[in-house]
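A short worksheet on the structure shown next.
Worth knowing before you read on, the calculation uses all heavy atoms, side chains too, and leaves out hydrogens, waters and symmetry mates. As the structure is a prediction and not an experimental result, all values here were calculated from the model.
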Amino acid sequence: MYRTHTCGSLTKENVGTTVSLAGWVNRRRDHGGLIFIDLRDREGIVQAVFNPEISPAALKIAEQLRSEYVITLTGEVAKRPAGTENPRIPTGDVEVIVKEVEILNTSNTPPFYINEEIDVDENVRLKYRYLDLRRQRMKENLQLRHRVTKYMHDFLDARGFTEVETPTFIKSTPEGARDYLVPSRLHPGSFYALPQSPQQIKQLLMVGGLEKYYQLARCYRDEDLRADRQPEHTQLDVEMSFVTQEDVLQLLEELYFSLARAVKPDLKVIRPFPRLTYADVILRYASDKPDLRYGLEIADITNIAARTDFAVFKNAIASGGVVRVLAAPGCGEYSRHQLDELNQLAVSAGAKGLLTISLGSPGDKLSALSQEMIKSVAAKYLTLEQVKSIAKACGANPGDLLLIVAGEPDKIYPALDALRREIARRFNLADPSILNFAFIIDFPLIVLNRETGKWEAANNPFTHPKDEDISLLDTAPEKVHGKNYDLICNGMELGSGSIRIHRSELQKKILRILGYDDERIKLLFGHMLEAFDFGAPPHGGFGMGIDRTIMVLSGEQNIRDVVAFPKNQSAMDTMLGAPSPAAEEQLTELRLRLLEEE
RNA sequence: GGCCCCGUGGUGUAGCGGUCUAACAUGCCACCCUGUCACGGUGGAGAUCGGGGGUUCAAAUCCCCCCGGGGUCGCCA
């Protein structure tokens, strides 16, 4: 037996007892005749004392100990001598007087600090991920992750859900992301696809009468990586029969509200979660996942701009554009350089330009604004009244800076969103002690792809149209809203879901609008349509990103910090050295041959 | 593929044309030290400044190309 107790669990209660501990040498303090070791295991750290008067043999071994050596020791728990207690660690009242110690393994000098929370180059962290996982931050994130998934299992079990495992080798589908393919040895030339999500399969489970299904499902997408995107991620996948959108939203809210309370009781969560329509958030925040912890709302001033003599506005509006404004509080005295920075940000986000109007220095009321206080390249084209009404529209006051972007809606949203987030960042407006959940609802069901001129499913082709919009499918498909919803929190999309189509006629109709002919429909979706014709119940559900949920709960800005063994931005695992070339024999067996590089 | 940022001993930083034979902290090695807890003290090893080319009398420093990493757009729910 290596140990009777864990390091972090020792308290005054244990004083006088003999314990055995095992762990890593966190730090050694050698006083010559007396050596202190901070012994670390998963549960915490405790001080071990090597005293020549107790055990000269143990002291001898302690002299050889170095950072990250693995040891086991036996000794007596003692109250620390008065005045030597360490209030900074939970076990600081006691120490272990070592009688015996054994080195279970030595360690090379670690390539970075394990016992200090200093930022280390991520290359090095990922190459030695197993060492990085010993550090407090990663340990806490993984433990939080476990508590979250455990909570989800318990929550759904208590409500009658059945966990079902679905296959990871499935069929490639044309919709959505690029698939990861797995070559079939038994069927040369054919490939399985790894699931982007178990979407179709969970719907078929509903046809199968499961009624309440869930799974923590691994999902795969062969697309470029981002701070919140990995090639594989885990999703809480849920599907229910005989539910309305309201039923699903209630369940989701209950789950995430109680989850947050359970695992992060210090964070503030407001209930009920606001429900905002897609049209509303796009107008007010230029984003479908706005961070609602701060205001900085965007206002439409197309009508005001149309009456000015400013050619940029007039031209933009004439070609179907709009004009939107955002107030940057207290930025009225920004320097030329600072204004340039914001302009650059807007341009790099796709705007043609950024018009800034400085409202002078703070103090006065908006009604007291005078022409002299206004500084802008467009000042001579705008009347004082026009500037006032623009300022009023976005709630700006003297001392603020108006940020105005004009152009086609699709082109200026990214810029407005970037500006809004940048202003929030500069003034630390996003309170880290708040979890601001919200549902986004009433998405368009179908959108026109400008490049291809084709209709595309905004969510997925299985989303049920809102009942009152079904009649519009034939006349104005772009006006049809779907019964789908996103859950967002602090500027991050945690996941989405929908009520699905469960009747084959409607499903066929949607697929035809999306440009599939009957032959393709049969080929690609025949199994779904056939299943629907065997008494498919009405159903709906959601898929929530576990990784992103952990990010939001832990406050981590990068998905790699909530995953034990993530890929870097080039989708490589530098620890394992994956991906790697396949052996010639493997390729031959699969009847595969590599093309020459271009 | 485009744009932006970063690359200096193991780690984190400083240096941003000459005083760099590259500094500081920490880590590492050796010795000293019986109450420390980021122990302390003394000494020591450790970097061709990501790679290549160029400008210059002189390059870690300026320019170009490449490589690696990160962020982002495209892509992706």
Side-chain angles (χ1 to χ4, degrees), chain A residues 26-39 45-54 59 63 66-68 78 80-89 91-92 95 97 107-128 131-132 175-179 196-197 199 219-231 233 235 288-289 341 344-345 347-350 411 414-415 417-418 421 440 443 451 456-460 463 484-488 492-498 542-545 548 557-558 560 568-570 572 574:
Chain A
N26 197 58
R27 214 177 274 279
R28 182 179 70 131
R29 289 179 295 280
D30 185 344
H31 286 244
L34 189 69
I35 294 177
F36 298 97
I37 294 286
D38 290 338
L39 187 67
I45 288 174
V46 70
Q47 172 166 282
V49 187
F50 295 80
N51 190 323
E53 288 152 28
I54 306 292
L59 182 78
E63 283 170 0
R66 295 293 182 271
S67 287
E68 300 308 312
R80 290 199 190 186
T84 67
E85 300 89 351
N86 184 355
R88 292 196 297 170
I89 59 172
T91 62
E95 60 192 12
I97 311 296
S107 171
N108 293 334
T109 302
F112 52 85
Y113 306 100
I114 287 163
N115 49 18
E116 288 179 36
E117 294 299 308
I118 291 172
D119 266 340
V120 175
D121 181 57
E122 210 183 358
N123 283 329
V124 186
R125 284 178 60 200
L126 290 181
K127 174 144 189 234
Y128 299 97
L131 296 180
D132 194 34
E175 287 283 328
R178 191 178 294 117
D179 285 318
Q196 298 174 26
S197 80
Q199 179 62 39
C219 305
Y220 307 87
R221 300 195 175 107
D222 188 4
E223 296 292 349
D224 285 1
L225 289 75
R226 288 287 185 281
D228 60 354
R229 273 166 32 193
Q230 283 273 302
H233 77 280
Q235 137 180 334
D288 60 1
K289 46 178 192 294
E341 279 179 352
Q344 221 165 48
L345 179 70
V347 170
S348 68
K411 293 270 162 64
D417 181 35
R421 281 186 283 115
I440 312 298
F443 285 84
E451 311 257 306
E456 290 181 354
N459 180 253
N460 68 44
T463 301
N484 57 321
Y485 31 84
D486 282 2
L487 177 62
I488 65 167
M492 177 123 57
E493 182 197 318
L494 294 182
S496 59
S498 64
F542 57 82
M544 290 293 134
R548 290 181 181 181
Q557 300 297 305
N558 197 299
R560 293 184 295 273
N568 68 10
Q569 196 170 60
S570 323
M572 294 192 301
T574 53

Determine the interatomic distance between [atom1] on [N] and the same-named atom on [M]; round to the nearest Å.
| N | M | atom1 | result |
| --- | --- | --- | --- |
| A45(B) | C24(B) | P | 13 Å |
| G44(B) | A38(B) | C1' | 22 Å |
| C49(B) | C73(B) | P | 36 Å |

Subject >> Paired nucleotide for C24(B) [Watson-Crick or G-U wobble; both distances under 3.5 Å] >> reply: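 Pairing partner: G12(B).
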
[atom1] of [X] versus [atom2] of [N]: gap in Å, rounded?
| X | N | atom1 | atom2 | result |
| --- | --- | --- | --- | --- |
| Lys127(A) | G68(B) | NZ | C1' | 13 Å |
| Asn108(A) | U11(B) | CG | C1' | 16 Å |
| Asp222(A) | C76(B) | CG | P | 12 Å |
| Gln230(A) | C75(B) | CD | P | 21 Å |
| Asn558(A) | G69(B) | CG | P | 15 Å |
| Gln235(A) | A77(B) | CD | C1' | 10 Å |

Please confirm whether the shortest side-chain N or O distance from [X] to OP1 or OP2 of [N] is below 4.0 Å.
| X | N | answer |
| --- | --- | --- |
| Gln196(A) | A77(B) | yes |
| Arg29(A) | U36(B) | no |
| Arg421(A) | G71(B) | no |
| Arg66(A) | C29(B) | yes |
| Ser197(A) | A77(B) | no |
| Arg27(A) | U36(B) | no |
| Asn123(A) | G69(B) | no |
| Arg88(A) | A38(B) | yes |
| Arg221(A) | A77(B) | yes |

Original post:
Is the ring centre of His31(A) under 5.5 Å from the base ring centre of C39(B), and are the two planes under 30° apart, so that they stack?
Top reply: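 Yes, His31(A) stacks on the base of C39(B).
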
Subject >> ring centroid sep under 5.5 Å plus plane angle under 30, Phe112(A) with U11(B) >> reply: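 Taking the rule of under 5.5 Å and under 30°, the ring of Phe112(A) does not stack on U11(B).
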
Out of [options], whichever nucleotide has its closest atom nearest the side chain of [X]:
| X | options | value |
| --- | --- | --- |
| Glu493(A) | U72(B), A38(B), A77(B) | A77(B) |
| Glu122(A) | G35(B), G70(B), G12(B) | G70(B) |
| Ser570(A) | G69(B), U36(B), G1(B) | G69(B) |
| Tyr113(A) | C76(B), U34(B), G27(B) | G27(B) |
| Thr109(A) | G27(B), C33(B), U11(B) | G27(B) |
| Gln569(A) | U72(B), G35(B), A77(B) | U72(B) |

Subject >> Minimum-distance pair of heavy atoms, taken over all atoms of Asn484(A) and Ser498(A) >> reply: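 Shortest heavy-atom separation between Asn484(A) and Ser498(A) comes out as CB-CB, 3.4 Å.
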
Subject >> Exercise: identify the closest heavy-atom pair between Arg560(A) and Asn568(A) >> reply: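 Minimum heavy-atom contact is CD-CA, 4.4 Å.
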
So, does the side chain of [X] form a donor-acceptor pair with the base of [N] at under 3.5 Å?
| X | N | value |
| --- | --- | --- |
| Tyr128(A) | G10(B) | no |
| Glu95(A) | G35(B) | yes |
| Asp30(A) | C33(B) | yes |
| Gln47(A) | U36(B) | yes |
| Asp121(A) | G69(B) | no |
| Arg80(A) | U36(B) | yes |
| Arg28(A) | C39(B) | no |
| Arg226(A) | G74(B) | yes |

**OP:** Describe the nucleic acid contact of Gly176(A) in one word from base, sugar-phosphate, nothing, applying a heavy-atom distance below 4.0 Å.
**Re:**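 Touches sugar-phosphate only.
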
**OP:** Evaluate whether atom CD of Gln344(A) has more than 12 neighbouring non-hydrogen atoms of other residues, nucleotides or ligands under 6.0 angstrom away.
**Re:**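 Open.
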
Subject >> Atom CD of Glu117(A): over 12 foreign heavy atoms under 6.0 Å >> reply: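 Enclosed.
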
**OP:** Quickly, which of Asn51(A), Val49(A), Leu59(A) forms a side chain to side chain contact (heavy atoms under 4.5 Å, CB included) with Ile35(A)? Name it, please.
**Re:**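 So the option named by the test is Leu59(A).
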
Subject >> Arg226(A) bridged to Asp228(A) by N-O distance under 4.0 Å >> reply: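 Between Asp228(A) and Arg226(A) there is no salt bridge, as every charged N stays at least 4.0 Å from the carboxylate O atoms.
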
Subject >> Check against side chain to side chain donor-acceptor pair (under 3.5 Å), Asn86(A) and Gln47(A) >> reply: CA-CA 10 Å; Asn86(A) 184 355; Gln47(A) 172 166 282; over 6 Å; no

